[in-house]
Amino acid sequence: MDLISDSDDGDGFQWESDEDDGDAVPPPNPPLPPDSAAGPSGKVSEASSSRSELVSHFMAMGFSEDMVVKAIEENGEGNSEAILETLLTHAAIEKSPVKREQSPIDCTFSSDEDVLGDDLSDVSNFEYSSDDEDYTEGTSDKDRKLSVLVEMGFPADEAFSAINRCGPTASVLEIADSIHAAQLAADSAPTEDDLFPNWSENKAASSYACGSSVKNKRKLYEMKKMKERGSFLDRKKPCFGQGNLDEGFRSGSTIPKPMIGFSLPNQKMKPANRILPEAAIGPPYFYYENVALAPKGVWETISRFLYDIAPEFVDSKFFCAANRKRGYIHNLPIQNRFPLQPLPSRTVQEALPMTKKWWPSWDPRTQLNCLQTCIASAKLTERIRTALANSDDPPPERVQRFVMNECKKWNLVWVGLHKVAPLEPDEMEMLLGFPRDHTRGGGISRTERYRSLGNSFQVDTVAYHLSVLKDMFPNGINLLSLFSGIGGAEVALHRLGIHLRNVVSVELSEINRNILRGWWEQTNQTGTLIDIADVQQLNGDRLEQMINMFGGFDLVIGGSPCNNLAGSNRYSRDGLEGKESALFYDYFRILDLVKNIMGKSF
DNA sequence: TTCATTATGACTGTCTTC
DNA sequence: GAAGACAGTCATAATGAA
């Protein structure tokens, strides 16, 4: 490993805002109304308590009474989505020219996504026949789903692509959701306003209503740092006029839905329209991550500090089998992204195939919720086992509701008859895109593994965003990794095939530093890894020294602590001013220092 | 002292109902 | 449009065993 590096590779390209990447910039798209999704869409109401109401509900959709009654018997009264999917499936098979060749209906159930079509006219007149049970094996599940999706009104080619994209165990509704998302994305190239609706309003509101503390914080911070280090922060206050963030005021949700960011792998989407504020344009590139569902005003503040770039909100459920709603602020190009290969499984049954055998039909989950730092207690899983063992099969609705609530809350999976269990650490590693046993051994306890993994990046998601660096830096990159954790950024870049020339990693936890170093040695890295425990040690002098030594940093990446932002925290959800989450200001301090030093030196 | 286990709501956005 | 129900969330603190 060599500490000496040449400086030719890091600055051999032109820094331009995204709109200068070659393509003409289309005018900003008008904002989408909240429910402007193209294609079939609609809502499924909760099951009525009365059976007759339930029958009426589905009959109103055009299904025959016999068909509805049979579907309710199959699924129980409590699962209206499963009933509807069964109805759609039967209807489609009935109409399909290959219906007599198809296998018995294998009902898979969707998550709670609402993607059912408004226009059910095509499936409204099918009669449910007793012969339906005679479907023979022969046509694949894939064909059946394709048939259903076409019946729902989706184009066959899009349905076919979505089936491949979502994997063999994805339910029809989940696949429909995927098509829905793709259509939404394709119909309107996302602008920053689309990605962060009413951004301007929130910024204005936050700086007006609660802005005093934010403004004061910034002012105090800037004054303090100005004293510390000359005038590196003597820059103008954020310029809101740049980057199309101030145009118009809208109400509504802050977080876009679906949370797909500028693009998703293997989705046909128009090139997104993004204009970076001048102050945001590098070098270096930077990439900041934190929880999407932070308290009000947090992302506005983060964005204001990070050169007024609007966050790219992405849910990792589009990359793996678990939800992970995160916001990313970066100045990376957004064209020509590509995903890591192989593509991870998108359903929990596919990712953890051993659970399939025990997964009850009344558990509609196909994806897990956010992987957290804590797991369910043994007492809870025992309570669930006892409740199920003492119930009929299927259990009554009351028991199902109790079990489902706990399973969703704690991400429990089925490991035996009536037996649910939390994920094992190695399963979390796999779902998050880390190599097996990444956090195992080396003196780390099981509890600590859960904590470290729960705090980490989802590698496939981050790698997709970072993939644009591969062609820019064929000889590798110099990386400044802040709050590295267990090395999600390093693993992502390595898996992308981007050589890590010099890595300066800042991580407080000794355990996490050991994990990263262990991975570094195990993967035979030929670059140099410098780890630093305390972010405060990275002052201007030390950064200048490193920048001179390495020839500058190509990427400054990090996700500052979310402890005080996360909804799970019921004790100290204090926002950006919280003890840990205030370290965001160190991310900005260091990034701004690097920009200034590199601006002077290169 | 370390680690495992367990119990502990609040906040926010979305959906449903009226 | 308002009010209430519902669902999801990179967690913290107390306790006891080893």
Q. At their closest point, which heavy atom of Tyr450(A) faces which heavy atom of Leu423(A), and how far apart are they?
A. OH-O, 2.7 Å

Q. Picking from dA11(C), dT14(B), dT12(B), which would you name as closest to the side chain of Pro295(A)?
A. dT12(B)

Q: Give a yes or no answer on whether the side chain of Trp299(A) reaches the backbone of Val291(A) with a donor-acceptor pair at less than 3.5 Å.
A: yes

Q.
From C-beta outward on Ser572(A), which listed nucleotide comes closest to its side chain: dT12(C), dT12(B), dT5(B)?
A. dT12(C)

Q.
I'd like to know if Glu300(A) and Arg304(A) make a salt bridge, using a cut-off of under 4.0 Å between side-chain N and carboxylate O.
A. no

Q: Check every atom of dT12(C), dC10(C), dT6(B) against the side chain of Val291(A) and return the nucleotide holding the closest atom.
A: dC10(C)

Q. What's the CD1-P distance between Ile444(A) and dA4(B), to the nearest Å?
A. 10 Å

Q) Is any N or O donor-acceptor pair between the side chain of Arg326(A) and the base of dC10(C) shorter than 3.5 Å? A) yes

Q.
Tell me the interatomic distance from Lys409(A), atom NZ, to dC10(C), atom P, rounded to whole angstroms.
A. 15 Å

(Q) Could you tell me how far apart Leu371(A) (CG) and dT9(C) (P) are, to the nearest whole angstrom? (A) 9 Å

Q: Examine the base of dC10(C) for any acceptor or donor lying under 3.5 Å from a partner atom in the side chain of Glu289(A), and report the outcome as yes or no.
A: yes

Q) Just checking Arg446(A): base, sugar-phosphate only, or nothing, at a heavy-atom cut-off of under 4.0 Å? A) sugar-phosphate

(Q) Output the rounded distance in Å from CZ (Arg365(A)) to C1' (dA7(C)). (A) 14 Å

Q: Provide, to the nearest angstrom, the distance between the CD atom belonging to Glu580(A) and the P atom belonging to dT12(C).
A: 6 Å

Q: Report the residue (Lys379(A) or Ser568(A)) whose heavy-atom-nearest nucleotide on DNA chain B is the more 5′ of the two.
A: Lys379(A)

(Q) In whole Å, I'd like the distance from the CZ atom of Arg451(A) to the P atom of dA13(C). (A) 10 Å

Q: Please work out if Ser560(A) contacts a base, only the sugar-phosphate, or nothing of the nucleic acid, heavy-atom cut-off 4.0 Å.
A: base

Q) In terms of ring plane angle, is the pair Tyr287(A) and His465(A) parallel, tilted or perpendicular, where the classes change at 30° and 60°? A) tilted

Q: For dC6(C) and dG9(B), measure between their C1' atoms and round to the nearest Å.
A: 15 Å

(Q) Could you write out DNA chain B as dot-bracket? Rules: Watson-Crick or G-U wobble, both distances under 3.5 Å, brackets [ ] for crossings, | for pairs with another strand, dot for unpaired. (A) ||||||||.|||||||||

Q.
Using the C1' atom as the point on both nucleotides, what is the distance between dT8(B) and dT9(C), in whole Å?
A. 15 Å

(Q) Using whole Å, what does the distance between atom C1' of nucleotide dT2(B) and atom CZ of Arg449(A) come to? (A) 18 Å

**Q.** Spacing of Arg573(A) atom CZ relative to dA13(C) atom P, expressed in whole Å
**A.** 16 Å

Q: Determine the contact category for Cys374(A): base if any of its heavy atoms lies under 4.0 Å from a base atom, sugar-phosphate if only primed atoms, P, OP1 or OP2 are that close, otherwise nothing.
A: base

Q | Most 5' of Ala376(A) and Gly443(A) on DNA chain B, judged by nearest nucleotide | A | Gly443(A)

Q: Return the orientation label for the Tyr307(A) and Phe588(A) ring planes: parallel under 30°, perpendicular over 60°, tilted otherwise.
A: tilted

Q) Only one of Thr381(A), Thr386(A), Ile384(A), Leu388(A) clears side chain to side chain contact (heavy atoms under 4.5 Å, CB included) with His418(A); which? A) Leu388(A)

Q | Candidates dT9(C), dA7(B), dT12(C) - which lies nearest the side chain of Gln372(A) | A | dT9(C)

Q: From the options Arg449(A), Arg446(A), Glu448(A), select the one residue that forms a side-chain hydrogen bond (donor to acceptor under 3.5 Å, both in side chains) with Thr439(A).
A: Arg449(A)

